[in-house]
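Whatever order the structure lists them in is the order used to number ligands and atoms, beginning at 1. Since we're looking at a predicted model, the values are computed, not measured.
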Amino acid sequence: MSPDFFERMEIETGTKLNAVQRQAIEHDQGPLLLLASPGSGKTTTLNFKIAYLILEKKVNPRAILGLTFSKAAAHEMAERFHDWFHHLIGTTASFSTIHSFAFQVVRDYAAVNRLHYTIIEGTIEKSASHRPEQPLHKRMVLRRIFQEINRSVITEDQMDELLRMISFVKNRLLLPKDIETLKTTIKHFPEIYSAYEQFKLRDPLHPLMDFDDMLTYANTILAENPELLASYQRRFEYILTDESQDTSLVQHQLVEKLALPHNNLCVVADDDQTLYSWRGADVSKIIHFKDTYPDATVLYMEQNYRSSREIVETANRFIQRNKVRHPKKMFTENPSSRPIVVETLPAYEDQTRYVIRQLRDETNFQEVAVLYRNNSSSINIMNALDLAGIPFYIKDVDHKFFSHWVLKDVLHFIELANDPSDVDILAQIHTKFAGYISKVQLQRLYELRNGDNVFDLLIQHVDMKFYQKKQLKTIKSVFAAMQTARPSAALALIRNELGYEKNLKKMSDSLGFSIDFLLEMLNTIENVASDLPTSLAFKERILHLEQLMRQAKSNKHQNAVTLSTFHSAKGLEFNRVFMIDLINGVLPSSDNIKSYKDGQLEEMEEAVRLFYVGMTRARYELHLLSYRYKSKPVEESLFLGNIRHILNPSQTVKKEIRYAQRSTEQASVPLLPVEKNMRIRHKSFGDGTIIHLMDDVLEIQFDKGIDKQLSLQVCSENHLLTIL
Ligand SMILES: Nc1ncnc2c1ncn2[C@@H]1O[C@H](COP(=O)(O)OP(=O)(O)OP(=O)(O)O)[C@@H](O)[C@H]1O
């Protein structure tokens, strides 16, 4: 016990730690799981704990390893530690991401064992390659393999999905039989994965490595080299991991090895803030921490210091709809502030107007955040803020919108309308509208080109069927109409009269694109175009927005509104938060809803956590925004129904929690009498064994090699399970 330490720290830093925080700090032997609610002082406690070990327990700072999930978190930890303790300790503690620690292990091993490896991800320096030819990049390798196996060029969306899947496989340490059963839109994923792995090992003395390989290599190196492992174990007497709810299986295994034999391991986690399951995070290790460390101490940090009473109480009740979680009860001693606003506006355009209206009298922009699920939401809000003269900062700039082929197509359509003699532009889009112009006909057109209208040349001089000529005459008149139309009207002509939207649907069916995403691109383009007078003004606006987005990253410490995805907002706090685009299909997504209806909990519960992370970023003011119409009627997010019910139970319409509660007719279906270790059969996943049973949650290991958490209630009601 060291009361002096806490008193001294209170004077030095102005922070009076609470009883649980103190207990966590003083726990210095054996494993500790610190389960903490948002805003409860995780970062604060970890920093004070390190200071305590150094100042009170005289531990060498080099013997303490602080591991974080992201580079930004490592940086923030080091910065806070420096601010609070530099004058007392003089040196800084070592904070590192698990990835960069793993890289260190690989480097140490490679130096001794003369292993020459080449990193093929990130910014690749020529000198890093031990080969004379052009440095290789993961994306280049995957592009080639994808094309060889699928006989088509990989799109940007497919590349993102492929990268995600490869990362998922490595982080979850999946075996080939597991890979066969993975759900993905990538055709022939198992073959692509295996070809990629073989390619990297084509010269075993000179392996190629991507970032996630560093984790799997480091894990294997430590497992197979006891002396090297022992040297790390001797060096690091204390290991602390932050954001551990987003740690993957391979990362957990690395940390478990390092912490032996003393297991002086402090794991800080909030299972309610797990957001990266789709990339391989495995929260079950946190949920079942005691299975790994039966003698572990588990402490709950539940007092929120960040948010108003309304926000804390509502968020706390909202997260309780999740079933797979430690039953924490977040509370606060903070006073009340403004009521939470839940607003379903008539139409999509009203949402940006609403935000702008609310910011009319704001001067402290850095204390405002607009949060959304998908990066595509940022374009319209950015456009609206710019038109209103409000500065903004974008946390994770994503240029996908500006480089996307749908935007390029639209710009080409407009260019062709403005210059109908341009054969090169027609060549870019001739397969994208209902003109049915073949390659041979296009070739002929190149021979004929003379500055005349391309459609006239085609109709008069190129061999084609009567119906095609007729169709091209109509197309020609649509392009002519576009010349004088306002951009929003021109876009409607492209979508409907030229058949571009139909074409997108066809392409999505045959190539596996997400049609929702492509239509969303079109809607966003249409929104930017609205109110603009000419196509030139539209083109300039697009260029201007692209430029703005580039600059927006550098506005970090300026007086600017933060625009961020829910994912990137983790760890941040603001006085006022606007959560936008809260509709079914976005949050939760259509896939989340579908899998929930099939009795699976994981995806819907992750969507709930995203919503919860968004809510708990706000200190005083929270606006939850939705609308009823966006190109077509849409439904407000079912989570808004949950929030309304919490805020005002008596007025809630019954249908609102229809996904979450059983209907009266189904309520009579009895629950299946299942038990742990029982063999069962699921309609979609086949045979498996129940490995955990917690209230309504069944954790089942299926014989196919996958684990699933299912709702007993939903499975019973929908007859999805039978006992074998
Ligand atoms: N004992 C305390 N007394 C007063 N304020 C505190 C205390 N502990 C932490 N805080 C304050 O609470 C706020 C949240 O703390 P911190 O950022 O460490 O939380 P966190 O748990 O890491 O949050 P999140 O998980 O949401 O990112 C900070 O402003 C911090 O200074």
Side-chain angles (χ1 to χ4, degrees), residues 5-26 33-52 66-70 72-81 83-85 95 240-247 266-276 281 283 286 299-309 311-312 315-316 318-319 325-326 328 330-335 366-367 369 371 395 562 564 566-575 577 609-620 622:
F5 172 78
F6 295 112
E7 277 164 26
R8 245 170 66 214
M9 287 307 114
E10 193 180 332
I11 297 164
E12 296 283 350
T13 66
T15 305
K16 185 178 165 70
L17 297 171
N18 68 32
V20 190
Q21 290 174 328
R22 287 175 185 220
Q23 209 182 331
I25 289 166
E26 287 176 333
L33 173 63
L34 199 51
L35 282 167
S37 296
S40 62
K42 288 188 276 296
T43 321
T44 313
T45 305
L46 268 182
N47 268 306
F48 275 73
K49 189 169 174 68
I50 293 173
Y52 175 82
L67 292 174
T68 61
F69 178 68
S70 68
H75 185 74
E76 199 207 327
M77 278 280 198
E79 219 171 51
R80 283 222 217 169
F81 191 83
D83 289 351
W84 274 327
F85 306 115
F95 294 104
L240 302 93
T241 68
D242 191 16
E243 302 271 14
S244 314
Q245 72 276 358
D246 278 323
T247 301
C266 170
V267 170
V268 181
D270 179 4
D271 48 323
D272 292 329
Q273 292 189 71
T274 304
L275 304 183
Y276 289 96
V283 74
I286 300 294
L299 295 175
Y300 286 75
M301 281 181 21
E302 296 168 305
Q303 178 165 0
N304 179 307
Y305 289 95
R306 173 180 298 144
S307 309
S308 70
R309 217 186 57 194
I311 294 169
V312 170
N316 179 54
F318 174 71
I319 196 66
R325 63 186 288 269
H326 281 287
K328 293 191 273 344
M330 177 169 65
F331 70 95
T332 190
E333 288 174 2
N334 290 346
Q366 74 265 37
E367 279 304 338
L371 307 180
K395 186 140 191 275
T562 295
S564 169
F566 295 120
H567 281 99
S568 296
K570 198 153 73 159
L572 304 181
E573 50 188 30
F574 305 89
N575 288 350
V577 168
R609 293 192 290 265
L610 262 187
F611 198 92
Y612 175 75
V613 166
M615 292 180 80
T616 52
R617 299 308 94 202
R619 290 197 193 97
Y620 311 119
L622 178 63

Pairs under 3.5 angstrom, nitrogen or oxygen on both sides, ligand 1 versus protein: list them out, please.
unit_1, atom_1, unit_2, atom_2, d
ligand 1, 1 (N), Lys16, O, 2.9
ligand 1, 1 (N), Gln21, OE1, 2.9
ligand 1, 1 (N), Tyr305, OH, 3.3
ligand 1, 8 (N), Gln21, NE2, 3.1
ligand 1, 17 (O), Arg80, NH2, 3.1
ligand 1, 18 (O), Thr43, N, 3.3
ligand 1, 18 (O), Thr44, N, 3.2
ligand 1, 18 (O), Thr44, OG1, 2.8
ligand 1, 19 (O), Gly41, N, 3.2
ligand 1, 21 (O), Ser40, N, 3.3
ligand 1, 21 (O), Gly41, N, 3.1
ligand 1, 21 (O), Lys42, N, 2.9
ligand 1, 21 (O), Lys42, NZ, 3.2
ligand 1, 22 (O), Thr43, N, 3.4
ligand 1, 22 (O), Thr43, OG1, 2.8
ligand 1, 23 (O), Gly39, N, 3.1
ligand 1, 23 (O), Arg306, NH2, 3.2
ligand 1, 25 (O), Lys42, NZ, 2.5
ligand 1, 25 (O), Gln273, NE2, 3.3
ligand 1, 26 (O), Gly39, N, 3.1
ligand 1, 26 (O), Arg306, NH1, 2.7
ligand 1, 26 (O), Arg306, NH2, 3.2
ligand 1, 26 (O), Arg617, NH1, 3.2
ligand 1, 26 (O), Arg617, NH2, 3.1
ligand 1, 29 (O), Glu573, OE2, 3.4

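- Aromatic pair Phe318/Tyr612: ring centres not closer than 6.0 Å.
- Proximity of Met9 to Phe85: side-chain heavy atoms (C-beta onward) are separated by under 4.5 Å at one or more points.
- Applying the salt bridge (Lys or Arg N to Asp or Glu O under 4.0 Å) test to every pair with at least one member in residues 610-620, sequence neighbours left out, gives these pairs: Glu367-Arg619, Glu573-Arg619.
- A distance of 11.5 Å separates CG of Asn316 from OG of Ser307, quoted to the nearest 0.5 Å.
- Applying the salt bridge (Lys or Arg N to Asp or Glu O under 4.0 Å) criterion to Lys328, with sequence neighbours excluded, gives Asp270, Asp271, Asp272.
- Taking the salt bridge (Lys or Arg N to Asp or Glu O under 4.0 Å) definition, one finds that Glu76 meets it with Arg80, sequence neighbours left out.
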